[in-house]
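The structure appears below as structure tokens.
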Amino acid sequence: MSLDTVKNATETPDASQPWKELGLKEDEYARIREILGRRPTGAELAMYSVMWSEHCSYKSSKVHLKQFGEKVPENDAMLVGIGENAGVVDVGQGYAVTFKVESHNHPSYIEPYQGAATGVGGIVRDILAMGARPVAVVDPLRFGAADHPDTKRVLPGVVAGIGGYGNCLGLPNIGGEVVFDACYQGNPLVNAGCIGVMKHEDIHLAKASGPGNKVILYGARTGGDGIGGVSVLASETFDAASDSADGTGKPKKRPAVQVGDPFQEKLLIECTLEIFKEKLVAGIQDLGGAGLSCATSELASAGSGGMRVELDTVPLRDATLSPEEILMSESQERMCAIVEPQYVDRFMEICEKWDVIATVIGEVTDGERLEIFWHGEQIVDVPPGTVAHEGPVYHRPYARPEWQDALQADDAGKLPRPQSSEELRAQVLALVSSPNQASKSWVTDQYDRFVQGNTVLSQPEDAGMVRIDEESNLGVAMATDGNGRFAKLDPYTGAQLALAEAYRNVAATGAKPLAISDCLNFGSPEDPGVMWQFAEATRGLADGCLELGTPVTGGNVSLYNQTGDIAIHPTPVVAVLGVIDDVNRRRRWRSRRPASCCTCWATRPRSSAARPGPRSSTTTSAACRPRWTWAARSCSARS
Amino acid sequence: MARVVVDVMLKPEILDPQGQAVQRALPRLGFEGIADVRQGKRFELEVEGPVDQAALDRIHKMAETFLANTVIEDFTVKVEA
Amino acid sequence: MARVVVDVMLKPEILDPQGQAVQRALPRLGFEGIADVRQGKRFELEVEGPVDQAALDRIHKMAETFLANTVIEDFTVKVEA
Amino acid sequence: MTTRIGVVTFPGTLDDRDSLRAVRLAGAEPVSLWHRDKDLHQVDAVVLAGGFSYGDYLRAGAISRFSPVMETIIEQAKAGMPVLGICNGFQVLTEAHLLPGAMLRNNHLHFICRDQKLRVENAETAWTGDYAAGQEISVPLKNMDGRYVADERVLDELEAEGRVAFRYVDVNPNGSLRDIAGITNAAGNVVGLMPHPEHAVEPLIGTGRTDGLPFFTSVLKKLVSA
Ligand SMILES: Nc1ncnc2c1ncn2[C@@H]1O[C@H](COP(=O)(O)OP(=O)(O)O)[C@@H](O)[C@H]1O
């Protein structure tokens with residue numbers, strides 16, 4: 001196929017284009033043509049398709065996520081809000097903390113080890129791009145039935161992948177979840193969170209301003225991996241994925257799986273932190289889903305001018321890649337920085353010191369367009385905002401499912417009570433031997449929780465805690481929680497319960513909950529019932545945050561978690577971040593653990609609509625600890 | 001007993017961080033002239049009974065379903081002389 | 001460009017838990033008749049220039065000092081046809 | 001003059017900052033050493049910290065062993081300078097043949113992170129003087145390639161010469177031969193072990209024990225009295 005230049009696109013308006021295979025809808029394709037006043041080139045089509053995918057554009061969820069910005073509680077801790085790579089909160093003493101949770105569900109089902117590993121890599125780069133040193137990771141996980149054969153493939157691979165990547169980066173793993181439920185059989189949830197710390201003045205934003213400033217791509221070489229991963233893998237169900245083309249109209253199917261190189265990422269972290277320390281960058285963005293398409297368009301769109309990129313200067317791992325593929329490649333361990341010309345040499349020196357490849361691939365212009373060239377010929381000429389921020393927005397229809405009433409009516413009171421001591425015994429045994437109750441040490445023993453020497457609390461504590469200042473003993477705590485069964489019963493209250501649980505878990509350590517991030521895992525937005533769950537859960541979460549005074553600083557939405565017509569339980573996972581002035585005052589439950597547990601139950605949701613009763617056998621683990629009642633009481637007045 | 005060798009290599013388009021790390025180290029150690037290094041796995045299987053077509057078919061199947069992850073890896077099966 | 005393959009295997013007397021784990025899993029997957037499995041590494045080197053005796057000597061040296069740890073591993077060097 | 005203890009950073013080293021902190025808490029002056037720099041900057045002793053240098057690709061420690069800083073360290077170690085290799089550092093020391101044997105993948109094939117009990121078998125090395133022989137301590141263990149192997153002859157020699165410096169107690173976490181957790185060279189200045197004493201130096205952090213601190217105070221005393 002010959003090069004599809006802008007000139008060529010203007011001259012051949014009727015050439016047929018694989019917009020459908022790229023996951024675009026007919027009206028979306030029409031809109032691109034309208035924006036450009038001509039048909040898009042192949043490269044432009046590639047960019048729009050990945051950036052307008054559900055994963056990158058949040059086109060189905062946006063209208064609901066808006067509430068997180070509208071119902072903001074009074075909280076002066078928020079330094080950077082939703083919209084950036086990750087939110088930033090003030091934790092005092094001149095420190096700021098950034099944190100976020102992201103999903104890597106679909107890739108982890110296909111290739112558990114690499115899917116999970118690159119999930120960790122991606123969230124860590126997000127945090128790094130804010131200017132922060134990553135200091136800890138967490139991993140809320142959900143799998144199918146513990147005894148299902150496929151769980152034996154998925155679980156060990158995911159755990160090894162998270163450990164393999166996180167351990168090699170030197171980030172302590174301070175918490176997470178392991179939940180088993182048959183609803184996740186074909187759609188395991190692999191969420192990964194990261195916390196980063198910086199001084200206020202070190203906050204960096206993803207924007208390209210200052211004409212003449214250089215655009216530097218640094219980190220790994222670009223390869224053919226993960227192409228189409230964004231548009232196809234992360235946004236459609238697997239049935240759709242299997243018959244979709246590779247996304248470029250080319251015959252050869254590139255693998256949608258990315259392989260992570262944690263060693264490269266560790267170098268990238270140290271190199272980037274040194275670059276920050278010398279204040280060499282004007283703007284910075286990590287390359288995640290949608291690769292260079294995303295980084296260039298977002299940087300340019302958030303900046304003041306335009307951008308010009310010479311795509312053929314991008315260092316490649318595979319010389320046969322087409323420009324479209326380079327733009328879509330999701331090769332891991334790459335970053336893109338905007339650097340003033342006088343700092344370029346020093347920037348390169350630091351990269352050389354850390355054995356990191358760095359290349360000037362373009363510059364900021366005083367125009368308003370994102371222009372990309374391939375060996376001198378122009379292949380992209382677009383207003384960057386239309387790619388990055390003005391994607392389609394859907395008001396998808398939603399409706400409360402018919403079965404909701406029946407489900408709620410069928411409460412625990414209807415379950416047969418044990419009639420004999422034998423039955424009681426069997427029930428207690430069933431309860432305590434549930435995989436959801438089991439010790440998580442098979443998982444957590446594979447994670448380094450000591451590295452960096454600042455871990456104050458980690459497993460089996462309810463929240464992790466790290467010290468962030470050795471002199472003053474300032475620390476931060478984090479807990480992640482979610483309960484798909486509650487959320488299915490009542491998504492509004494279920495989301496609030498997840499919030500309240502994580503809030504309590506943080507409060508119980510002695511830290512003050514400050515702000516939250518979330519990872520919203522749901523089925524297909526094209527199903528009105530699922531969309532209703534999503535709408536309710538976001539509404540519940542926003543209301544809950546308003547009441548608790550903890551703003552949502554950012555998060556992630558993962559849709560299409562379903563196999564055929566069957567969606568997973570709606571699973572909003574909430575991460576609460578807390579701050580503690582002196583980690584010496586932290587509380588641990590270990591020392592106060594009495595001999596017998598399983599005697600107390602979690603608080604019931606306040607809403608009368610949802611009365612799950614005592615937590616069922618598969619969801620009780622946290623409730624086993626007496627400290628829970630204390631923690632629950634301490635904030636129940638507010639939740 | 002016959003030995004059958006299954007070699008498993010990452011597909012050419014998949015990043016091979018291990019091979020790259022080795023390749024980058026070579027010049028520093030004074031070994032020049034190696035343009036690329038790929039690192040894979042080698043399985044040596046000691047097979048009971050005759051290694052006939054049926055046995056090879058079974059080993060092929062084993063490699064495909066178990067020894068290699070065909071999402072990212074290719075493999076070859078060879079009978080060792 | 002010629003390809004030279006270096007195979008590195010643990011010495012026979014050294015315990016190979018990876019190979020053992022594979023072997024133990026095989027019957028469960030329905031593959032019988034494999035008496036032993038050893039897992040090692042395969043390096044594929046793309047060599048610039050002619051692969052003459054001098055080049056092979058250098059690769060042998062590279063394998064001995066670097067690609068293999070001869071305290072625990074044996075290696076072989078082969079030119080690929 | 002204060003005692004200067006260097007901590008090497010290779011690409012992929014992770015526990016360098018922890019080791020620098022441990023050195024400081026022990027009362028010595030911590031000095032960062034860079035892998036490309038042959039100069040040891042007048043340090044009196046060196047710690048090779050844990051991590052995944054070069055990603056542990058090829059074999060743990062195999063690539064770092066050839067770095068410029070190691071040339072000087074090998075030379076100085078042979079001349080008697082105290083060198084401590086922790087985890088990845090231990091792997092580097094075996095790859096560099098400063099210590100015998102080799103480290104292999106854990107027998108259970110998983111990364112393992114746990115609070116590990118050890119017995120100090122030799123309290124006369126440069127790094128163990130502040131312990132009593134036979135003393136049991138607990139420090140974190142975290143590794144993928146922690147299985148110590150050597151041939152029988154070497155193992156017998158190590159035992160006979162009292163060069164098994166640490167042994168795992170209660171559980172052997174990785175299949176190390178003869179429960180060996182750490183060894184020393186014949187002169188007692190070069191010590192390598194898999195568990196992480198630098199993670200056990202503050203009561204608040206990690207396991208909440210400070211059993212690892214004597215490593216660093218031992219070498220300090222040794223150097224000051226020398
Ligand atoms: N995937 C995971 N990664 C890291 N830590 C985990 C993970 N799963 C569970 N944990 C940790 O293990 C401990 C026990 O977990 P669990 O029994 O689920 O506790 P709880 O019921 O209180 O949530 C907690 O400290 C939790 O953070």
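All chains are named by letter (A, B, ...) in the order of the sequence lines, taking the proteins before the strands, and each is independently numbered beginning at 1.
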* Asked: Any sub-3.5 Å donor-acceptor pair from C/Arg38's side-chain atoms to B/Arg42's backbone N or O?
  -> no

* To do: Check whether more than 12 heavy atoms from other residues, nucleotides or ligands sit under 6.0 Å from atom NZ of C/Lys61, and answer yes or no.
  => no

* Under 4.5 Å, heavy atom to heavy atom: which of residues 47-56 of chain B reach chain C? Give them by number, or say none. => B/Val47, B/Glu48

* Non-hydrogen atoms of chain B under 4.5 Å away: do they reach the side chain of C/Leu29, the backbone, both or neither? -> side chain

* Out of curiosity, C/Ile59 CD1 to B/Leu26 CG, how far, rounded to the nearest 0.5 Å? -> 9.5 Å

* Nearest 0.5 Å please: distance from the CZ atom of B/Arg58 over to the CD1 atom of C/Ile34. => 6.5 Å

* Check B/Gln39 against C/Phe43 and note the closest heavy-atom contact, atom names and distance. => OE1-CE2, 3.3 Å

* Under 4.5 Å from a heavy atom of chain C, the part of B/Met1 involved -> side chain

* Asked: Quick one: does C/Lys41's side chain get under 4.5 Å of B/Lys41's, heavy atoms only?
  -> no

